[in-house]
2 protein chains.
Amino acid sequence: MIDNAGKPTRKPRADAARNRARLLDAAKAVFAERGGAASLEEVARTAGVGIGTLYRHFPTRDALIEAVYRNESDQLVRAASELAASRPPVEALREWMRLFFNYMSVKHGMMELLDSLADGKSSLYAASGAETKRTIDFLVKNAVSAGEIAVDIEPLDLLRALGGMVQYGGGRDDEEAAAHALIDIMIAGLQAKRPR
Amino acid sequence: MIDNAGKPTRKPRADAARNRARLLDAAKAVFAERGGAASLEEVARTAGVGIGTLYRHFPTRDALIEAVYRNESDQLVRAASELAASRPPVEALREWMRLFFNYMSVKHGMMELLDSLADGKSSLYAASGAETKRTIDFLVKNAVSAGEIAVDIEPLDLLRALGGMVQYGGGRDDEEAAAHALIDIMIAGLQAKRPR
DNA sequence: TGAAATACGGAGGTGCCCTCCGTTTATCAA
DNA sequence: TTGATAAACGGAGGGCACCTCCGTATTTCA
């Protein structure tokens, strides 16, 4: 009775919008406190809605996380253009990788984003994942064009390596310094291979 | 009534030894098939013992994984001495990192080993984790002494980066080539910083 | 205003974690 | 050999989380 090209869509219900917003707020809080593996029932409780409501709005855990962190990853993508415009290609790349690490380690839930970089099979991150890929590809390509580095690696792998630092670096106090050191080393490695 | 320095310990019961072995076999099989997050109840079922028996032998999931993979990580440690004896320091390091990646990616359950590299709080891996740390430290130090590289990074971080490749590289077909590329880049980066 | 569309929310089935404890079995002393 | 006893077995059960389903409540629109 409803043809999917049809216009006659109702206005979305007020309670639906309200609950969706509540769930996002609650999820942000709970994920921040407990990490991305927190219980979805706790999220629902915190939001003051039933568990059924949570699942209607976000059919999978991934869908929820995706929604919560879409903003953050958008920010990351936007920062890339600014860096590219204002710095030498290699420095833009270096700085962006630092930003990437910070986002991942602070917003710990964003680690799930990395899973989507894998093969896109959990395709709910597909959007952000693809954008992230485009971003790092872009930055790397810039530096290559400028003759500053050579790449014989898929650029995303640089981010995967950083992901390992976040995942397995667990809470030491020099975490950030260590990540910066790794970034410098990887970039030095890429520079070492540039055409002379 | 039993003083803990006392000798009068009984011979361990035959069924206990048998069940322990069965559990290890079952765990190896189940972890290989389902990954390190497999259900412990399934392990017990596969082993043909009760769940209580599993928990008596291995009080935590970590303890079980540790036991299953202790052999493999021993092998890794042993390989390091051979490589160090037969190759130039940098090549020994390169080759060992390749081995490390292979072990991690094939025996997928070994990823849990990496968690122990963090802060030793889940101290059941403490033994293997500490040995792994000693091993990579040793290989790196050799290369530094030979003047082939300079390090301003904790050596373990190199393995963490590789861990990211395993964790987030999920099943692409060029996984191994990609890891080798990353290893080469990191080593080139370390070489770039060596004293001239 | 009231019918139809939409959303709510929690009960309930499933599966896993881990503990506890009554039953069974292997060891060892007599 | 025998039987007392330490040790091990194994599964029932409480708790928690996942996710589905559907009767009830609310909102929209004609």
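Side chains included, hydrogens not; waters and symmetry mates left out as well; all remaining heavy atoms used. Note that the structure is predicted; figures quoted are calculated from it, not measured. In what follows, chains carry the letters A, B, and so on, assigned in the order in which the sequence lines appear, proteins first and then strands, with residues in each chain numbered from 1.
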Going from CG on A/N19 to NE2 on A/H57, what distance comes out if it is rounded to the nearest 0.5 angstrom? 5.5 Å
Contacts of B/P59 and A/A17 projected onto DNA chain C by closest heavy atom; the upstream (5') one is A/A17
With nearest nucleotides of DNA chain C determined for B/P12 and B/L40 from heavy-atom distances, which residue corresponds to the more 5′ nucleotide? B/L40
Separation of C/dA7 atom P from A/L23 atom CG, nearest Å, is 14 Å
How is B/A44 classified with respect to the nucleic acid when contacts are heavy atoms under 4.0 Å: base, sugar-phosphate, or nothing? nothing
Can you check the A/R45 CZ to C/dC8 P distance for me, whole Å? 19 Å
Whole-Å gap separating P (C/dA26) and CZ (B/R20): 19 Å
One thing to verify: whether A/R45 and A/E42 come together as a salt bridge, which I'm taking to mean a side-chain N less than 4.0 angstrom from a carboxylate O. no
Could you check whether the side chain of A/E42 and the base of D/dC16 have a donor-acceptor pair of N or O atoms closer than 3.5 Å, going by distance alone? no
From the set D/dT26, D/dC9, D/dA17, return the single nucleotide nearest to any side-chain atom of A/D15. D/dT26
Are any side-chain N or O atoms of B/E148 and backbone N or O atoms of B/A143, one a donor and one an acceptor, separated by less than 3.5 Å? no
Are any of B/N19's side-chain N or O atoms less than 4.0 Å away from OP1 or OP2 of D/dC9? yes
N/O (side chain, A/S39) to phosphate O (OP1/OP2, D/dC16) under 4.0 Å: no
Close side-chain approach of B/R98 and B/L93, heavy atoms under 4.5 Å: no
Would you say the side chain of B/F31 lies within less than 4.5 Å of the side chain of B/Y69, judging by non-hydrogen atoms? yes
Under 4.0 Å, heavy atom to any atom of DNA chain D: which of residues 50-58 of chain B qualify? B/G50, B/I51, B/G52, B/T53, B/R56, B/H57
Spell out yes or no: do the side chain of B/R13 and the base of D/dA7 have one donor N/O and one acceptor N/O closer than 3.5 Å? yes
B/F100 side, atom CZ; B/L162 side, atom CG - distance, nearest 0.5 Å: 7.0 Å
Whole-Å distance, A/K11 NZ to D/dT26 P, equals 19 Å
Roughly how many Å is it from CD in B/E41 to P in D/dA17, rounded to a whole number? 17 Å
Electrostatic pair B/R70-B/E131, nearest N-O below 4.0 angstrom: no
